[in-house]
Amino acid sequence: MTTRDDALALDSADPLARLRDQFALPAGTIYLDGNSLGVLPAAAAQRAQMVLATEWGEGLIRSWNDAGWFALPRRLGDKLAPLIGAAPGEVVLTDTISVNLFKLLSAGLHLQQARAPTRRVIVSERANFPTDLYIAQGLIKQLDRGYTLRLVDDAAALPDAIDDTTALVMLTHVNYRTGYMHDMATLTRLIQQKGALALWDLAHSAGAVPVDLNGVEADYALGCTYKYLNGGPGAPAFVWVPQRHQKTLTQPLSGWWGHRAPFAMTSDYQPDDGIGRFLCGTQPIVSLALVECGLDVFSQTDMHALRRKSLALADLFIDQVQARCGAFGLKLITPREHAQRGSQVSFEHPQGYAVIQALSARGVIGDYREPHGMRFGFTPLYTRFVDIWDAVDALYHVLASETWRAPEFAVRGNVT
Ligand SMILES: *Cc1c(COP(=O)(O)O)cnc(C)c1O
């Protein structure tokens, strides 16, 4: 790969190129942030209009049945299931990762309390996404029963950190900052051999890399729909619990949507027999309905085809940045090995925040994560090879001309 025409040739030969038309991308923008907020599927505007005008406007209360609103968390769960190696009836869309993590951690600790009461440690990584650690900390404090959170500083230290005091291991499959991807099969086996439960956060995996939850026999998992799945800002997250655990795991947010007969209106909580027990209360139907538009695009391809293109896009990006921007002190913090990375590439730079802002002013959108991390996400449904070429070109110009030094690029918003 030496010229922009070579990138255009790769796009001409790309079997996934046709899917780009199904997204409403803003003109003049190269979007490398689908790992944080996916782009708008073209079908979503019409779907939103239908939910508002027809289902809500005209159908009103009847739409809980007639438009399938009540069944939506399960129906869309079944549609998402193939992307993560789950079976029908094993996934629901609901709430947020943070809230679902509270449910799943509680359920795991409760199960272990009955099976192995001396296991009082949750193992995770210090580099995990903060909300995952915060939720574990909050739950431990709330339970006040001597549980602790043991954090390792390096993934290589995980095997030694898991022992006969470990109740469960909570890991994020692909790290949000570095893009490092764990070997889910090997770690799941190791965790279970040591008698602990394996809980996987798929925030940066669902729709990004092939995942085979049933194949690796993971214990349970969760993830969000607004990143690679293009579900929309704040769209409900998902929970996966395999058939074999559904009757033994119980969660404490025992709201009526998780009851086996919500409209029996009884005074006693009895959990649904299946995945429905991980629901809590009434869902944001307008937002939830739009998740289907993103999933419908995924149904037209498969995760292995997407993975091939994702790796090719990221390899091109890394090669071009190293070839053209080598003089500017960028440090690659994402593994080069395919088996160890997700669908993003991160470089550290002392002025990473300002560089990302200056790039954005040129129409190339990535994002920034403390400390010093410039993060670029690759979303093969709508990212072209020529976009990679042009993005690196823009990065080169920002670094070579030092436009990032302009004072406006140092200003921080609430969200970086
Ligand atoms: C994005 C992300 C979250 C977000 O949690 P919400 O509760 O949906 O805001 C949680 N965990 C990980 C690993 C993430 O990447």
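What you see below is based on every heavy atom in this structure, not just the backbone, and it leaves out hydrogens, waters and symmetry mates. Numbers here are sequence positions counted from 1. Both ligands and their constituent atoms are indexed starting at 1 by order of listing.
- Taking the ring centroids of W404 and Y353, they lie at or beyond the 6.0 Å cut-off.
- For the pair R120 and Y147, the cation sits on the ring face: its NZ or CZ lies under 6.0 Å from the ring centre, inside 45° of the axis.
- In this structure, D272 pairs ionically with R74, as a charged nitrogen and a carboxylate oxygen lie closer than 4.0 Å.
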Taking distance alone, no hydrogens or angles, what donor-acceptor pairs closer than 3.5 Å link side-chain atoms of residues 26-41 to residues at least two apart or in another chain?
unit_1, atom_1, unit_2, atom_2, d
Y31, OH, D33, O, 3.4
Y31, OH, L37, O, 2.6

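- At a heavy-atom cutoff of 4.0 Å, ligand 1 is surrounded by T96, I97, S98, F129, T131, D132, T172, D201, A203, H204, Y226, K227.
- With respect to D319 and R336, a salt bridge is recorded, a charged nitrogen being found less than 4.0 Å from a carboxylate O.
- For E90 and R244, the salt-bridge test fails: no basic side-chain N is under 4.0 Å from an acidic carboxylate O.
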